[in-house]
Amino acid sequence: MITSDKELPVGFMDSGLGGLSVLIEAVHEMPSEDFLYFGDSANAPYGTKPQEEIRRLTYDVVRLLLNRGIKGLAVACNTATSAAVRSLREDYPGLPIVGIEPAIKPAVERNKGGRIIVLATPMTIAQEKYRKLVERYKGGTDLVSVPCPGLMEFVEEGDLGGPDLDRYFEEHLEKYLTPDTETIVLGCTHYPFIRDRLRKYLNNGGIEIIDGSLGTARELKRRLEEKGLLRSGERKGKIIMENSDRGTKKLERGRILLERAGIIL
Ligand code: DGL
């Protein structure tokens with residue numbers, strides 16, 4: 001049985017750099033906390049792998065984080081969440097664990113009758129968990145799920161705004177855009193980092209682009225608070241970033257992504 005200690009960092013995992021979009025919100029919500037972020041870029045992408053392999057990779061990262069010592073865990077990856085979060089909660093009942101799922105509920109809640117487009121990895125969309133999520137919230141809305149193989153790679157490679165991204169949108173997204181498209185849900189934690197380019201591509205102030213990172217960060221805070229695990233006081237927490245891709249590039253790119261959000265390591 002895992003026991004959690006207030007002084008420990010909060011663990012974060014993702015298949016690579018994407019989970020940093022959730023970490024950014026968590027740092028803003030809980031500035032006194034320490035965070036240990038592990039990106040599994042050496043094994044990315046997860047989103048085009050079979051479920052069993054995603055689960056195995058996720059467990060490997062979680063074990064590593066637990067060995068280092070964490071008091072809570074954010075599975076900051078929609079793909080890993082759908083493949084493994086349920087069994088993780090069963091296997092580590094003492095540990096507060098939050099996952100992330102595409103923000104379909106808020107998209108439907110604010111829907112005024114136009115189309116909702118969900119962008120996510122092929123595996124997220126193929127999972128039973130996703131089908132149930134859609135079934136639960138979709139109601140009468142026009143909701144279209146668009147698998148995006150190859151999109152997370154732009155973020156991993158540090159291309160957040162080049163013409164290749166526009167070509168990607170043209171090839172994968174354009175055909176789903178209707179004049180009444182109202183909301184695009186970013187259902188993969190890598191995608192918020194290309195939000196600005198997407199907005200530019202859409203060239204339409206009317207389409208709202210949403211993601212679940214703030215909701216997930218708040219849920220994490222709530223869970224830690226509930227267990228009396230939040231740090232108090234004025235201290236400024238620190239962030240440790242690690243990556244299975246041993247080259248320096250991923251860590252450097254991660255540092256830049258945090259810096260763009262005003263978080264200096
Ligand atoms: N960042 C991940 C997600 O939220 C997945 C990217 C991938 O490894 O395919 O789904």
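Whatever order the structure lists them in is the order used to number ligands and atoms, beginning at 1.
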Subject >> Proximity of T121 to ligand 1 by residue part, where a heavy atom lies under 4.0 Å >> reply: side chain
Original post:
Does K71 pair with E7 as a salt bridge, N-O distance under 4.0 Å?
Top reply: no
Original post:
Which ligand 1 atoms are under 4.0 Å away from a heavy-atom of C188?
Top reply: 1 (N), 2 (C), 3 (C), 4 (O), 5 (C), 6 (C), 10 (O)
Subject >> Side chains of S213 and S21, donor plus acceptor under 3.5 Å >> reply: no
Original post:
Checking E101 side chain against Y130 main chain: does a donor-acceptor pair fall under 3.5 Å?
Top reply: no
Original post:
Among all protein non-hydrogen atoms, which one is nearest to atom 2 (C) of ligand 1, and what is the separation to 0.1 Å?
Top reply: C77 SG, 3.3 Å
Original post:
Which residue owns the protein heavy atom closest to atom 5 (C) of ligand 1, what's the atom, and how far is it?
Top reply: T79 OG1, 3.5 Å
Subject >> atom 9 (O) of ligand 1: the protein heavy-atom neighbour that sits closest, reported with distance to 0.1 Å >> reply: G47 N, 2.8 Å
**OP:** Show which atoms of ligand 1 fall inside a sub-4.0 Å distance from at least one heavy-atom site of D14.
**Re:** 1 (N), 2 (C)
**OP:** Under 4.0 Å from a heavy atom of Y46: give me the atoms of ligand 1 that qualify, with their elements.
**Re:** 7 (C), 8 (O), 9 (O)
Original post:
Looking only at protein heavy atoms, which one is nearest to atom 6 (C) of ligand 1, and how far off is it?
Top reply: S15 OG, 3.4 Å
**OP:** Could you tell me whether the side chain of L198 reaches within less than 4.5 Å of the side chain of I184, counting heavy atoms only?
**Re:** yes
Original post:
Okay, side chain of N111, backbone of G114: is any donor-acceptor separation there less than 3.5 Å?
Top reply: yes
**OP:** Report yes or no: do D40 and S244 form a side-chain donor-acceptor pair below 3.5 Å?
**Re:** yes
